[in-house]
There are 2 protein chains.
Amino acid sequence: MPVQPAEHGSLAADWEPRGEADCRVRTIMDRVGDKWSVAVVTELTAGPRRFSELKRALPGINQRMLTSTLRVLERDGLVTRTVYPQVPPRVDYELTGLGRTLLDTVASLLDWAERNADGIDEARRRYDARG
Amino acid sequence: MPVQPAEHGSLAADWEPRGEADCRVRTIMDRVGDKWSVAVVTELTAGPRRFSELKRALPGINQRMLTSTLRVLERDGLVTRTVYPQVPPRVDYELTGLGRTLLDTVASLLDWAERNADGIDEARRRYDARG
DNA sequence: CAGCATCCGCTCAGATACTG
DNA sequence: CAGTATCTGAGCGGATGCTG
């Protein structure tokens with residue numbers, strides 16, 4: 001699932017059939033799995049943010065990734081994009097109601113991850129120590 | 001985060017610092033995002049499964065992906081692997097307690113995805129219809 | 001049956017340069 | 001400030017062939 005909406009030659013429509021529902025759910029799970037979506041949504045929890053505020057708040061992201069991540073979130077109806085026609089330009093991003101409910105759900109997953117990070121680390125060390 | 005454990009030249013240890021916790025959580029979120037982990041874990045809900053049972057239950061997966069997915073889940077302590085020394089060989093995979101708690105958490109995310117799939121589809125159509 | 005080993009295409013995501 | 005355009009390395013994920 002490309003984060004970029006039609007970057008160069010992205011066909012984006014050659015799935016095998018499988019369950020209809022599966023495919024649709026997959027595109028949503030992919031949002032959780034990709035590198036920045038959750039971080040961006042989390043950053044928007046407190047309220048609207050400008051593009052440059054988000055960029056500053058997310059060390060390691062670059063314009064390209066922030067832009068494409070925001071575009072996908074906007075397309076999915078999770079985030080709204082508001083352009084203020086002024087110079088220099090100002091664009092605000094804000095969570096929609098849908099985006100907020102997603103955040104609630106993801107939050108519990110993040111919680112789980114943080115609570116169990118130690119246990120998983122330990123399991124990995126055991127596994128790596130011997131088969 | 002590679003699903004393959006050290007495939008060819010995977011260094012696997014050249015992160016930028018960032019928050020320690022962030023990195024560890026990331027490796028867990030990646031499991032949710034990758035193509036097969038959730039499906040495999042879900043398939044194991046009902047009880048232990050043999051390798052070939054899993055393969056049959058997951059149309060589209062191939063041995064390589066099933067094997068590497070199971071290895072990662074095993075390494076993380078989410079799944080146990082039991083080899084029965086017999087001919088032909090038999091290997092059972094089963095969720096651990098940790099794996100089951102992950103499943104609970106992921107289930108609510110899948111729920112969210114299914115409940116909101118229609119809304120997201122509609123948002124996408126609106127977005128694609130005009131900017 | 002339950003796997004490794006190998007080859008390879010695709011696209012993700014970073015870096016960099018340019019624009020209204 | 002808030003993007004777009006382009007190039008590129010890297011690695012995920014699929015296909016195939018072989019083994020104990």
Side-chain angles (χ1 to χ4, degrees), chain A residues 1-16 18 26-27 29-31 33-37 39-40 48-72 74 79 81-93 131, chain B residues 1-16 18 26-27 30-37 39-40 48-72 74 79 81-93 131:
Chain A
M1 205 52 15
V3 175
Q4 286 74 27
E7 183 148 6
H8 51 120
S10 74
L11 311 205
D14 51 352
W15 303 75
E16 61 263 50
R18 290 219 283 153
R26 188 98 278 293
T27 66
M29 301 299 275
D30 284 337
R31 278 313 85 66
D34 75 15
K35 193 165 181 181
W36 294 109
S37 290
V40 168
R49 290 279 179 279
R50 303 182 58 164
F51 185 87
S52 53
E53 290 176 325
L54 286 173
K55 182 153 166 39
R56 239 173 295 121
L58 300 169
I61 203 170
N62 57 30
Q63 290 101 325
R64 187 175 121 72
M65 287 317 296
L66 180 53
T67 302
S68 63
T69 300
L70 284 166
R71 284 295 177 285
V72 172
E74 186 196 358
V79 157
R81 177 171 181 270
T82 312
V83 182
Y84 298 92
Q86 61 187 41
V87 179
R90 172 203 177 107
V91 180
D92 276 15
Y93 292 94
Chain B
M1 203 50 16
V3 175
Q4 286 73 28
E7 183 148 7
H8 51 119
S10 74
L11 311 207
D14 50 352
W15 303 76
E16 61 262 50
R18 290 219 285 153
R26 189 99 276 294
T27 66
D30 283 337
R31 275 317 83 66
V32 177
D34 76 15
K35 193 164 180 180
W36 295 109
S37 292
V40 168
R49 289 281 181 276
R50 303 183 57 165
F51 186 87
S52 53
E53 290 177 325
L54 286 171
K55 181 152 166 40
R56 238 173 296 120
L58 300 167
I61 203 170
N62 57 30
Q63 290 102 326
R64 185 173 121 72
M65 288 317 296
L66 181 53
T67 301
S68 63
T69 300
L70 285 167
R71 283 298 176 282
V72 172
E74 186 196 358
V79 157
R81 177 172 181 270
T82 310
V83 181
Y84 298 93
Q86 61 187 39
V87 179
R90 174 206 176 104
V91 181
D92 275 15
Y93 294 92

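Protein chains get the first letters and strands the later ones, always in sequence-line order, with residue 1 at the start of each.
- Not one side-chain nitrogen or oxygen of B:Arg90 sits closer than 4.0 Å to the OP1 or OP2 atom of C:dA2.
- When every heavy atom of A:Val91 is checked against every heavy atom of A:Arg81, the shortest pair comes out as CG1-CG, 3.7 Å.
- Nearest nucleotide to the A:Asp34 side chain, out of C:dA13, D:dC1, C:dG14: C:dA13.
- B:Pro89 has its side chain out of reach of B:Gln86: every pair of non-hydrogen atoms, C-beta onward, lies at least 4.5 Å apart.
- Contact between the side-chain N/O atoms of A:Thr67 and the OP1/OP2 oxygens of D:dG3 is not found at any separation under 4.0 Å.
- Comparing C:dG3, D:dG3, D:dC1 by their nearest atom to the side chain of B:Gln63 picks out C:dG3.
- Atom CE in B:Met65 sits about 16 Å away from atom C1' in D:dT16, given to the nearest Å.
- One can place CD of A:Glu53 at 12 Å from C1' of D:dC1, the figure rounded to the nearest angstrom.
- Here the P atom of nucleotide D:dC12 and the CG atom of A:Asp30 are 15 Å apart, to the nearest Å.
- Here the C1' atom of nucleotide D:dT4 and the CZ atom of A:Arg71 are 10 Å apart, to the nearest Å.
- When the P atom of C:dG3 is taken as reference, atom CG of B:Leu66 falls 8 Å away, rounded to whole Å.
- Put simply, B:Arg64 has no side-chain N or O that comes within less than 4.0 Å of OP1 or OP2 on D:dG17.
- Contact between the side-chain N/O atoms of B:Arg81 and the OP1/OP2 oxygens of C:dA2 is not found at any separation under 4.0 Å.
- At the heavy-atom level, B:Tyr84 lies nowhere under 4.0 Å from the strands shown.
- One can place NZ of B:Lys55 at 12 Å from C1' of C:dC1, the figure rounded to the nearest angstrom.
- In this structure, the CZ atom of A:Arg49 is 13 Å from the P atom of D:dA2, given to the nearest Å.
- Ranking C:dC4, C:dG14, D:dG3 by closeness to the A:Lys35 side chain, first place goes to C:dG14.
- Taking only side-chain nitrogens and oxygens, B:Ser52 comes nearer than 4.0 Å to OP1 or OP2 of C:dA2.
- Distance B:Ile61 CD1 to D:dA15 C1': 14 Å, rounded to the nearest Å.
- Between C:dG14, C:dG20, D:dA15, one nucleotide has an atom nearer to the side chain of B:Asn62 than all others, and that is D:dA15.
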